[in-house]
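Worksheet: the structure to be examined is printed underneath.
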There are 2 protein chains.
Amino acid sequence: MVGIVFSRWTTPILWVLNEHGRHRFVELERRITTITPKVLTERLRQLERDGLVVRTYHPEVPPRVEYEISELGRSLAPLFAALGEWSINLGKVEQARQDYDAREPVRSRRT
Amino acid sequence: MVGIVFSRWTTPILWVLNEHGRHRFVELERRITTITPKVLTERLRQLERDGLVVRTYHPEVPPRVEYEISELGRSLAPLFAALGEWSINLGKVEQARQDYDAREPVRSRRT
DNA sequence: CTGTATCCCGCAAGATACTG
DNA sequence: CAGTATCTTGCGGGATACAG
């Protein structure tokens with residue numbers, strides 16, 4: 001259920017469409033540099049089906065397709081804003097991991 | 001990166017610890033009824049390592065262990081509040097799916 | 001009570017190549 | 001340009017049994 005919005009790739013896609021408006025397929029590919037076309041297609045289809053993204057097909061040569069965030073997708077804005085603010089704390093998470101990994105493997109379980 | 005906080009089980013666990021305070025292992029198990037002990041252990045370890053949850057071991061017989069949300073974990077509260085508010089829209093997502101699935105499988109791709 | 005140990009499974013995701 | 005087709009992999013998660 002939380003996976004509707006938050007997964008490895010749905011969050012970046014929604015974020016970009018929310019912040020920077022309408023995008024063509026290749027534009028999304030360039031902005032989210034490490035995603036592959038296969039995965040981008042799969043996630044876009046899911047988001048379209050869930051009503052969070054609107055896909056517009058322009059029957060031209062060469063073909064042109066545009067993706068934009070829907071009204072329902074826009075309602076996620078406060079959530080993304082909160083996420084953006086919290087991301088300041090990512091460094092603390094990284095620090096916590098290093099501290100945890102530096103502790104004695106066995107004793108740490110009991111104390 | 002979003003998986004630090006949002007996954008199938010980390011979100012419910014953090015939510016419970018944030019809303020209802022300190023819990024023992026078995027209390028968490030009961031509150032999150034469908035989770036298995038193995039998975040609960042795995043997610044708690046991850047959250048502990050990430051510094052979002054604090055584990056306290058009481059060397060008694062029988063052993064007692066308590067989990068509570070950390071200071072860093074508390075900083076997620078606004079995010080959870082935003083998530084809670086957005087969840088009103090889950091019905092719209094369900095409706096969008098039904099509409100999508102009801103459309104003609106082939107023509108819908110081109111128009 | 002608080003976990004571990006195995007074994008298995010599904011599915012998102014990655015690599016690579018190809019098409020209308 | 002905007003995808004599809006295949007194949008493979010990694011990892012979270014489920015079932016079940018067992019241990020300190």
Side-chain angles (χ1 to χ4, degrees), chain A residues 1-14 16-17 22-50 52-68 97 105-111, chain B residues 1-14 16-17 22-50 52-68 97 105-111:
Chain A
M1 164 261 172
V2 84
I4 294 170
V5 178
F6 296 110
S7 79
R8 170 99 192 250
W9 295 116
T10 52
T11 308
I13 292 169
L14 288 169
V16 165
L17 293 180
R22 183 183 295 151
H23 282 68
R24 302 180 62 168
F25 188 90
V26 70
E27 290 171 341
L28 281 170
E29 241 185 319
R30 287 184 191 127
R31 219 184 262 274
I32 310 171
T33 54
T34 56
I35 198 171
T36 63
K38 182 205 139 196
V39 173
L40 179 56
T41 301
E42 289 171 350
R43 291 308 108 219
L44 283 171
R45 290 284 178 279
Q46 174 197 315
L47 292 169
E48 186 193 1
R49 187 171 102 101
D50 289 347
L52 299 173
V53 160
V54 176
R55 176 184 185 269
T56 309
Y57 176 84
H58 301 275
E60 308 168 356
V61 180
R64 185 162 57 95
V65 177
E66 291 181 313
Y67 294 92
E68 58 190 320
R97 287 178 179 173
V106 177
R107 274 197 63 80
S108 64
R109 282 292 83 217
R110 330 210 136 267
T111 38
Chain B
M1 165 260 174
V2 85
I4 294 170
V5 178
F6 297 109
S7 80
R8 170 105 191 245
W9 295 116
T10 52
T11 308
I13 292 170
L14 287 170
V16 165
L17 292 180
R22 183 184 296 151
H23 281 68
R24 301 181 61 169
F25 188 90
V26 72
E27 290 171 340
L28 282 171
E29 240 184 321
R30 286 185 193 127
R31 217 184 264 274
I32 310 172
T33 52
T34 55
I35 198 169
T36 63
K38 180 204 141 196
V39 173
L40 180 55
T41 302
E42 289 171 349
R43 293 306 108 219
L44 283 171
R45 289 286 178 278
Q46 174 197 315
L47 292 170
E48 185 194 2
R49 187 172 102 101
D50 289 347
L52 299 173
V53 159
V54 176
R55 177 183 186 269
T56 310
Y57 177 83
H58 301 275
E60 308 167 357
V61 179
R64 185 163 56 93
V65 177
E66 291 181 312
Y67 295 93
E68 58 189 319
R97 286 178 178 171
V106 176
R107 274 198 62 80
S108 65
R109 283 290 85 218
R110 333 208 136 268
T111 39

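Just so we're on the same page: letters track the sequence lines, and every chain starts at 1.
With distances taken from any side-chain atom of B/Lys38 to the nucleotides C/dT6, D/dG3, C/dG3, the minimum falls on C/dT6. Comparing D/dG3, D/dA2, C/dG3 by their closest approach to the side chain of A/Val26 singles out D/dA2. Here C/dT2 is the nucleotide among D/dC1, D/dG14, C/dT2 with the atom lying nearest to any side-chain atom of B/Val65. Counting only heavy atoms from C-beta on, A/Pro37 has its side chain closest to D/dT4 among C/dA13, C/dC1, D/dT4. Looking at the side chain of B/Arg8, the nearest of the listed nucleotides C/dA12, D/dG14, D/dA2 is D/dG14. Looking at the side chain of A/Arg30, the nearest of the listed nucleotides D/dC1, C/dT2, C/dT4 is D/dC1. With distances taken from any side-chain atom of B/Pro63 to the nucleotides C/dT4, C/dA13, C/dC1, the minimum falls on C/dC1. Taking the side chain of B/Trp9 as heavy atoms from C-beta on, and the options C/dG20, C/dG14, D/dG14, the nearest nucleotide is D/dG14.
Regarding contacts with the backbone of D/dG20, every side-chain N or O of B/Tyr57 stays at 4.0 angstrom or more from both OP1 and OP2. When the side-chain nitrogen and oxygen atoms of A/Arg55 are compared with OP1 and OP2 of D/dA2, none of them lie within a distance under 4.0 Å. When the side-chain nitrogen and oxygen atoms of B/Arg43 are compared with OP1 and OP2 of D/dG13, one or more of them lie within a distance under 4.0 Å. Within the 4.0 Å cut-off from OP1 or OP2 of D/dA2, at least one side-chain nitrogen or oxygen of A/Arg24 is found.
If you take CZ of B/Arg45 and C1' of C/dG3, they are 8 Å apart, rounded to a whole angstrom. Whole-Å rounding puts the B/Glu29 CD to D/dG13 P distance at 16 Å. Going from atom OH of A/Tyr67 over to atom C1' of D/dA2 covers 8 Å, rounded to whole Å. At whole-Å resolution of the value, CD in A/Glu66 and C1' in D/dA2 are 13 Å apart. Rounded to whole Å, the distance from CD on A/Glu42 to P on C/dG14 is 10 Å. Rounding to whole angstrom units, CG of residue B/Leu44 and P of C/dG3 are separated by 8 Å.
Of the charged side-chain nitrogens involved, none lies within less than 4.0 Å of a carboxylate oxygen, so that B/Arg31 and B/Glu27 do not count as a salt-bridged pair.
Rounding to the nearest 0.5 angstrom, the gap separating the CZ atom in B/Arg49 from the CD1 atom in B/Ile4 is 10.0 Å. We find the CD1-CG distance between B/Ile13 and B/Leu40 to be 5.0 Å, quoted to the nearest 0.5 Å.
Nearest heavy atom pair, residue A/Phe6 against residue A/Thr11, reads CA-OG1, 3.3 Å.
Here the side chain of B/Thr56 pairs no donor or acceptor atom with the backbone of B/Tyr67 at under 3.5 angstrom.
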